[in-house]
Every structure is written in C-alpha cells, then in structure tokens.
Amino acid sequence: MASGMESPRSPLSNSKKEGEVWPVWKLVLIALPQLSVQVLWGFIGPHSAPYMQHLGAGTVLATLNNIAGPITGFFTGPIVGATSDGLTSRFGRRRPVIVTGLVSLWIAGMLFSGAEHIFPLRQCGAAGPASILEGNATNATRLLSEAEPMPVPCTALFFAAPMYWVMDVTINILQTPHRALVADLASPHQQVPMQVVFVFMMSIGNFLAFSIMQIYEKPVDHMIELMLGICLLNTVCVAIQFSVAREIPLNKADGPKKNACSPVLDVVEAVRHSPCLLYQLAGVQCLVWIGNTAWNLYSAQWFTQAVFQGAEHAGKGTEEYNNYVEGNAAFSFGGQMKSVLQLISSLVIIAILLKTTIRPRLVYAPCIFIGTVVSLLAAFVVGHAGGFAQLCLILSIMPETGSFAIPFGLVATLNARAAREGKLVSTALQMALLNCCVVIGQQICTIILALIQSQMSLEKALPLVFMVAAVAQGFGGIGALFLNDAPPGEDSEEETEADAEEGTDADAENSGEAKTAPAQGE
C-alpha cells in the first residue's frame, strides 16, 4: 500500500475533474512527446563518445564524458519532479516545465552539435590537445587524444564537452513531466497500460533514431543537421500534446507555502513516505541499467571497432574506413530490429498484465534474464561475427522494455490508490526518484568501462564491460523475483482481515476483563 502524509485533497485531484475518464486515444497523444525524446536519447547515446573522439578526445575522456547524463539526471529529475508537483502556474503543473525544457533543448542542442562549426578548425593530435599532458608517462595521456593526427576543431572539443552536460540537463527537464502528465489524467485502471504505451512510443522513437543513423555513412560528421531535425520533431510532438492536454491549475491554497529549498525538501519527504515497493524497484533498476547502459551507449563502438575492426579516423577508401562504415550499417539495422522487438514485446507485456493474473515480477524477471544471456554471448562468443552480434543487440532490448513498462506502472497504480484515499502523493517526484536508480546504473557502467579502458584498448575493453553487464543483470533478475508486487486490493483485504482479527481479539479481552471485574469486587 502506498504510504504518504495525510491531506484533505491530493494534488493529483487538481489534474482533472472528479470522476472524469480520459479516452485512451487522447492519453496516447499526450504521451507522444516520449517518442521524440527517445529519438534524441537513441541517437545521442551511442554517438556521444564517438562525437567526442571526432572532436579530438581520447577514448577514456570520451567515455568519461558520458557520466554527464547520470549525474545531471540524478539531481535534475527529482528537483524538476518536485517543482512540477507543486507548481501553481495558471497554465498547469506540467506544461510550463515542458516548455522550459524544449526551449533550453533547442539552445543547448544546437550549440553542442554545432561546436565544430562555431570555432575555427586546426590540426589536433600529437601536437594538439595531447600536448597538455605531454611528459606524463602514465595512461593519463590517453585522456585527451590518441597519437595519430586528427583534423578537427580543438577549441570545439572543450566547448562541446561541457555543453553536452548542459544538454543532458535540458533533456531531463523536458522528459520528466511527460509520464506524470499522463499519470495525472489516466484513471487507476489505465495507469499500467499507459506506462506500457510509453514503452510503445519509445520503441518507435528508437526505430526512428536508428533509421536516422543510416542517412549518412558517418553520422558524427553531420551532427548539426541531425540534431536540427530531432529538435524539430520534439517541437511538433509537444505541440500535439498541448493541443489535447488540459490541466486544472493547482490552487496555491491547497498546499504549504514554497521557498527556494522546497524542491529539495520535497525530495527528502517523498523518500521518507514512499512505499516499500519503490525501494525494492530501486535496487533492481540500478542493477538492470548497468547492463542496459553497456548496450545503449557502447554497442555502436563495439560494432564498428571490436566486431568489424574499423576506425572512425581512418582515411576514406581504406580497409579500416570501410569496416567502420560496414559496422555502423550493421549496428543501425540491428538497432531497427531491436526497436521492432521492443514494440512487439511491449504489446505482449500489456496483454499479459491486462488479460491474465500473472504478477508483474514474473514478467519482469524473465526479461532481465534474457539480457544476462545475450551479454554473456557478447562477451565470450560473438568475436567478429557480425550477424551474431546483431542478434545479441536485438535481444538486449528485453530488460529495458521490462524496466520502463512494469516498475513505473506499479508506482503509478500505487499513487493513484493513495490519492483516492486522500493521501498526498508526488507522482512525478517518485518516478524521478525511480529514474535516479536508472542513472546510478548508468554511472557505474560508464566508470567501470573508463577504468578498464585506462589499462587496455577500447576493442578489448568492450567485451569485458559486457561481462559486468551480465553479472549485474543476473542479480537484478533474481531481485525482481522477490518484488512485493501484490495488487493494492489484496493488500487492502489482508489489512482489513488483520484489523478485524485484532478487533475480535480486543473485544474478547475486554469481555474477559468485564466478566472478571465483578468477581474481584465481590
């Protein structure tokens, strides 16, 4: 049962009129921006490190820069969620935050992708950024550049790297309210299905992202054109969302007065009063996303450099260049098929959850174990077999599909019930807290890979990180089997029965005391 502070009126009740049930097709349109956000994540994720290398960074620094997403997401998500939950704007709680995220994404995205066009070009390489650490005989010399010359803008590297962090903040601001807006408007029975709809949207978004990668032989050479198209797509999807969504503004009198520290205090309060299931899901999500990150962020490099043995900076027409292009094409096609499987599996999951009495944990755990198996195959069996690598990439989506469909749906259901009971709930904040565990897993994976890379080449390091992914998801699958995912109704019945038994025992004791009292008086 969801726990929380008692409140005469939950903020959730301000999102729609009492008893109103939104049509599913409207809720689907409101969820549409998740598709465009996923296009952004699906494209920028596997190309962030290659783009940093394209600008002159060494492999270790290019990998370490990926901690931007986990770190910014860890802090931005909960604070944005808390701010959104208590926002009293006349335009509603969610939409002003979404607009802020979209506008800031345009600015940061264009600056990041256009870094090499903003600053003049010059030769970087042994005489370029690497000279900053010249004379240091340790592996730290790998941080800024490899030994071979690379004709890229040096200043752009030092501009794009921090701008990547800023862009990650803007994406987290944009995406955090989307799930909460749908959760606000959906009925209790629509909560879990609508969270699976989000996975459905994400699968289409992933397919589009991998399709975009096929427009150019080397996508990192055309970042600004591709980012422009992605920002336009996000704008269109948000416009459609706003044309359908309708929020009733939160009355300032309904909640306590806010100050500058309120978002942080709300985060602490939400952690204290969150249901036990949220903590269980948090641990599982963290482990699962150690494995998911290995595939989402580094599988492109695994294909192009480890499996196909190509090189991004090789001269055009050389064998290494052709191998790189072939590896990118294989990765893009495998990613498209991966998205198709995500779409199909999300439909299967929603059918199982709606049409059967199978507990969510018994659906989630097998999805995770599939990821364990394919990570082991990638680490020990694939080698240079491109077709086998594609099969592993396709199947690697199963843990991610489960991790986005089931945990968020369970939290939404628990909060909907708590709201009906008059308890204060913070749907956006709790979902953001759950997402924090996702970013912790991402952080762990990135740091482990960077440490491995400091001791060996990227081609040798990538299979090892898949070993780490397999172990983490193995423990995550076991943890999922022990989730306390009993339906709220069953919890209520058990609590009612327990209360009834306690009441019977108390009556019996009182009756006994009443009977013995006269005897004592005599």
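Looking at heavy atoms from C-beta onward, I368 lies in side-chain contact with V284 at the 4.5 angstrom threshold. Side-chain contact check for Q390 versus F303: some heavy-atom pair is nearer than 4.5 Å. Between V166 and M163 the shortest side-chain heavy-atom distance falls below 4.5 Å. Between K338 and L341 there is no side-chain heavy-atom pair separated by less than 4.5 Å. Residues F331 and M213 have side chains in contact (heavy-atom distance under 4.5 Å, counting atoms from C-beta outward). Annotation: side chain of W289 is in contact with side chain of E400 (closest heavy-atom distance under 4.5 Å). Using a 4.5 Å heavy-atom cutoff, the side chains of Y164 and N66 are in contact. In this structure, L393 and M337 have side chains that are not in contact, with every pair of non-hydrogen atoms separated by 4.5 Å or more.
Taking CG from L32 and CE from M201, the interatomic distance works out to 5.0 Å, rounded to the nearest 0.5 Å. Atom CD in E116 sits 12.5 Å away from atom OG1 in T155 (nearest 0.5 Å). In this structure, L64 CG and T446 OG1 are separated by 8.5 Å, a value rounded to the nearest 0.5 Å. Separation of atoms CG (L40) and CE (M167) is listed at 6.0 Å; rounding is to 0.5 Å. Note that OG of S396 is 11.0 Å distant from CD1 of I370, once rounded to the nearest 0.5 Å. The line from OG of S403 to CG of L287 is 12.0 Å long, rounded to the nearest 0.5 Å.
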N292 vs Q442, side-chain hydrogen bond (donor to acceptor under 3.5 Å, both in side chains): CA-CA, chis, key distance, verdict:
CA-CA 8 Å; N292 288 349; Q442 293 172 331; over 6 Å; no
The test is side-chain contact (heavy atoms from CB on, under 4.5 Å); show your working for M227 and I44 and say whether it passes.
CA-CA 9 Å; M227 184 62 69; I44 203 66; 4.0 Å; yes
Take F210 and F43 through the ring pair (Phe, Tyr, Trp, His ring centres under 6.0 Å) test and state the conclusion after the steps.
CA-CA 7 Å; F210 285 108; F43 172 75; 9.9 Å; no
Derivation and outcome, side-chain contact (heavy atoms from CB on, under 4.5 Å), residues I30 and H178:
CA-CA 8 Å; I30 295 172; H178 290 323; over 6 Å; no
Take L208 and L35, measure what side-chain contact (heavy atoms from CB on, under 4.5 Å) needs, and give me the verdict at the end.
CA-CA 9 Å; L208 292 176; L35 182 153; 3.8 Å; yes
Under the criterion side-chain contact (heavy atoms from CB on, under 4.5 Å), I'd like the reasoning laid out for I406 against V363: C-alpha separation, chi angles, the key distance, then a yes or no.
CA-CA 8 Å; I406 296 172; V363 179; 3.9 Å; yes
Chi angles and distances behind the side-chain hydrogen bond (donor to acceptor under 3.5 Å, both in side chains) call for Q175, W41
CA-CA 11 Å; Q175 75 169 0; W41 283 127; 3.0 Å; yes
For side-chain hydrogen bond (donor to acceptor under 3.5 Å, both in side chains), just list the numbers for W106 and T170, CA-CA rounded to whole Å, side-chain angles, deciding distance to a tenth of an Å, and then say yes or no.
CA-CA 9 Å; W106 268 98; T170 67; over 6 Å; no
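Side chains of T63 and Y298: a donor-acceptor N/O pair is absent below 3.5 angstrom, by distance only. Between the side chains of T304 and N328, no donor N or O sits under 3.5 Å from an acceptor N or O. Q336 and N206 share no donor-acceptor pair across their side chains, judged by distance under 3.5 Å alone. When only modelled atom types and interatomic distance are considered, N65 and W165 share a side-chain donor-acceptor pair under 3.5 Å.
Closest of all the heavy-atom pairs between N323 and G310 is CB-CA, 3.7 Å. Closest approach of M110 and I224 over heavy atoms only: CE-O, 4.3 Å. V182 and L27 get closest at one heavy-atom pair: CG2-O, 4.2 Å. When all heavy atoms of I394 and G334 are compared, the closest pair comes out as CG1-O, 3.5 Å. Across all their heavy atoms, P33 and N234 have their closest contact at O-OD1, 4.5 Å. When every heavy atom of A461 is checked against every heavy atom of I452, the shortest pair comes out as CB-CG2, 3.5 Å.
Counting non-hydrogen atoms of neighbouring residues, nucleotides and ligands closer than 6.0 angstrom, the OH atom of Y321 exceeds 12 such neighbours. By the 6.0 Å contact criterion, CZ on F369 is enclosed, its count of non-hydrogen atoms from other residues, nucleotides or ligands being greater than 12.
Using a distance-only test at 3.5 Å, with no hydrogens or angles considered, a donor-acceptor pair links the side chain of T235 to the main chain of C231. Side-chain N or O atoms of Q453 include one that pairs as donor or acceptor with a backbone N or O of T59 at under 3.5 Å. Under a 3.5 Å cut-off, the side chain of S299 and the backbone N or O of N296 do not form any donor-acceptor pair. R361 contributes a side-chain N or O that, together with a main-chain N or O of L481, makes up a donor-acceptor pair within less than 3.5 Å. A donor-acceptor pair under 3.5 Å is formed between the side chain of T372 and the backbone N or O of G474.
Among residues two or more places apart in sequence or in another chain, the salt bridge (charged side-chain N to carboxylate O under 4.0 Å, His left out) test is passed with K218 by D221, E312. Scored by the ring-ring contact (aromatic ring centres under 6.0 Å, His included) test, Y51 finds F112 as partners (sequence neighbours excluded).
Checked against the 6.0 Å centroid criterion, the rings of W302 and F466 qualify as a close aromatic pair. For F159 and F119, the distance between ring centers is under 6.0 angstrom.
Under the side-chain hydrogen bond (donor to acceptor under 3.5 Å, both in side chains) rule, Q301 has a single partner from Q53, E459, H47, which is Q53.
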Determine all donor-acceptor pairs shorter than 3.5 Å in which one atom belongs to a side chain in residues 374-389; sequence neighbours excluded.
{"residue": "S375", "atom": "OG", "partner": "W295", "partner atom": "NE1", "Å": "3.1"}
{"residue": "S375", "atom": "OG", "partner": "G371", "partner atom": "O", "Å": "3.0"}
{"residue": "H384", "atom": "ND1", "partner": "A306", "partner atom": "O", "Å": "3.1"}
{"residue": "H384", "atom": "ND1", "partner": "V307", "partner atom": "O", "Å": "3.1"}

